[in-house]
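Step one of this worksheet: look at the structure below.
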Amino acid sequence: MLSIDSLWCGSAEELSTLRGCKGAERSEYRFRRRSSKSLIPQALLHALPDSQMRSHRQRRSGTWPRTRSLNAPSPIQQFGPCGRIMKNSAMVMQIQDPASQRLTWYKPPLTVLVIKKVHDATILAPFVQLVHWLVHDKSMVVFVEAAVLDDTLLKEYGDFSSVRERLMTFRAGTDDLTDKIDFIICLGGDGTLLHASSLFQQSVPPVMAFHLGSLGFLTPFEFNNFQDQVMNVLEGHAALTLRSRLQCVVLRKTTEDGKDKKKPTTILVLNEVVVDRGPSPYLSNIDLFLDGKHITSVQGDGLIVSTPTGSTAYAVAAGASMIHPSVPAIMVTPICPHSLSFRPIVVPAGVELKIALSPDARNAMWVSFDGRNRQALQHGDSLYVTTSVYPVPSICAQDQISDWFDSLAECLHWNVRKKQKQIDELSDLTLSSDTLEELDANHHDDRPTDT
């Protein structure tokens, strides 16, 4: 392990000289070294010209391996001359760098689930092209929802009849797809990715999402050359973004005799779980606990508990910050709080949140999970929220950083503003020969004199 003294020295001789110093001599030597030798790497001091740097970034975009880690640097575990973190081998965790998360197959994928946006005739042609290519050209087993084949407009596509009989169908909420699907292709908008997440309440196959919907924040792929892009995925040439999900457990109040005991309901969400006042005209009065400790009471329209992926959905509309999906965190955002100081907060991903009605609440609270399964929670009911161990592996079109910032720019128009003109383009300054002193003198001359 590097010592603190080694940071001030450029060679072994300088390090031995520093260790031989005592007290004030050591501080003086450090000061001389700090003024004469920079701790900044020389590669940063002699940066490339802007044009070369831009072309260098463009060449590196989407390539692997990356030269920088997305993880924070490991902190020094010694603080001052005496303090240090207590070593506990049971608490040591190995966290993989998100930048190195690449898709690989330990056996060739054979089954694919195609999820199509419903009630959208514009997606029928891409759907037929994709399914026909997967079945005939790639000899894959294709699963689709039974409701998709009920669309009468599919009869207009003559080449679909030869594929229809070879498709495997299922019904959401009835048939279990666990361990039956190798990877997923979504055709539509962000809702198709949310629907794919809801179909798998445990391990989720890799998801490849094509932008054929309205917003498309979570769908980075264009459908124009879908054959090449799908082939890259089948060959394992793709980066992954592990989008964390929230595990939500609803516990119902049990009667005193214990006869009316209901089984807890567990739901995994990709975006957010929303607690609100429902149709009641009164404010919500919700108690929020973090790891068993009462944090605050929410008085307002409700509360949003979201993943980093969901931070750019309902939460950002309620005034929250946007969090990159690789950041391990949970965001808590109030909805129209009746307080000027209630700001959104970000808590570590490992905590457990408990949400329950305050004893003084005038009405029930309503909860929805990714906009679905809306239900009322009464006094005595509680909702537990924590990060699930089953993320959604979202396949990147480029890499984890480029895809996210491209979505911010294209979908949300993040930081879009007209460029400020250069000073030589401002005619009112460049064409004027008056100096600041002359303008100031004229200003004073125009003032009325006291009589």
Side-chain angles (χ1 to χ4, degrees), residues 93 194 197-198 201 242-253 262 264-278 283-339 341-361 364-392:
M93 295 187 299
L194 295 176
S197 171
S198 67
Q201 291 298 296
L242 298 185
R243 300 185 180 274
S244 63
R245 294 194 290 177
L246 297 178
Q247 176 179 287
C248 308
V249 180
V250 178
L251 293 181
R252 298 291 182 178
K253 179 183 178 181
K262 297 181 180 179
T265 303
T266 302
I267 301 176
L268 269 61
V269 299
L270 177 59
N271 265 355
E272 73 276 304
V273 53
V274 178
V275 181
D276 59 70
R277 59 191 176 97
L283 288 174
S284 293
N285 197 344
I286 304 168
D287 287 339
L288 177 63
F289 300 83
L290 191 149
D291 285 343
K293 176 180 176 58
H294 181 261
I295 300 300
T296 189
S297 294
V298 182
Q299 297 184 91
D301 281 353
L303 190 68
I304 305 170
V305 181
S306 59
T307 64
T309 297
S311 68
T312 52
Y314 192 0
V316 75
S321 296
M322 296 180 290
I323 305 177
H324 189 276
S326 294
V327 177
I330 299 176
M331 171 160 282
V332 180
T333 307
I335 306 174
C336 297
H338 200 251
S339 169
S341 58
F342 197 168
R343 307 304 304 160
I345 59 173
V346 178
V347 297
V351 304
E352 182 184 63
L353 298 174
K354 176 187 174 183
I355 302 172
L357 272 175
S358 175
D360 300 329
M365 62 181 182
W366 289 76
V367 59
S368 60
F369 308 90
D370 275 345
R372 300 183 178 186
N373 301 315
R374 188 169 172 80
Q375 52 193 280
L377 298 181
Q378 307 292 340
H379 284 280
D381 298 340
S382 55
L383 171 66
Y384 291 85
V385 181
T386 188
T387 301
S388 171
V389 297
Y390 299 108
V392 174

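Numbering of residues begins at 1 and proceeds along the displayed sequence.
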Please name all residues satisfying salt bridge (Lys or Arg N to Asp or Glu O under 4.0 Å) with R372, sequence neighbours left out, ordered by chain then number.
-> none
Residue pair S321, M331: steps toward the side chain to side chain contact (heavy atoms under 4.5 Å, CB included) verdict | CA-CA 9 Å; S321 296; M331 171 160 282; 4.3 Å; yes
Do L246 and T386 come close enough that some side-chain heavy atom pair is under 4.5 Å?
-> no
Using the side chain to side chain contact (heavy atoms under 4.5 Å, CB included) rule, pick out the option among V298, D287, L377, V275 that qualifies with I355.
-> V275
Over all atoms of both residues, closest heavy-atom pair of A318 and P334 | CB-O, 4.1 Å
What's the shortest heavy-atom distance between A364 and Q378, and which atoms?
-> CB-OE1, 3.4 Å
In sequence, state the C-alpha distance, the side-chain angles, and the governing distance for T296 and F342, and then conclude on side chain to side chain contact (heavy atoms under 4.5 Å, CB included).
-> CA-CA 10 Å; T296 189; F342 197 168; 4.2 Å; yes
According to the side-chain hydrogen bond (donor to acceptor under 3.5 Å, both in side chains) rule, which pairs have a member within residues 305-319, sequence neighbours left out?
-> R243-T309
Show the atom names and distances, to 0.1 Å, of all donor-acceptor pairs under 3.5 Å that link a side chain in residues 266-273 to residues at least two apart or in another chain.
none

Neighbour count >12 (heavy atoms, 6.0 Å) for atom CZ, R374 = yes
At their closest point, which heavy atom of Q201 faces which heavy atom of Y390, and how far apart are they?
-> O-CD1, 4.3 Å
NE2 (H338) with more than 12 external heavy atoms under 6.0 Å | no
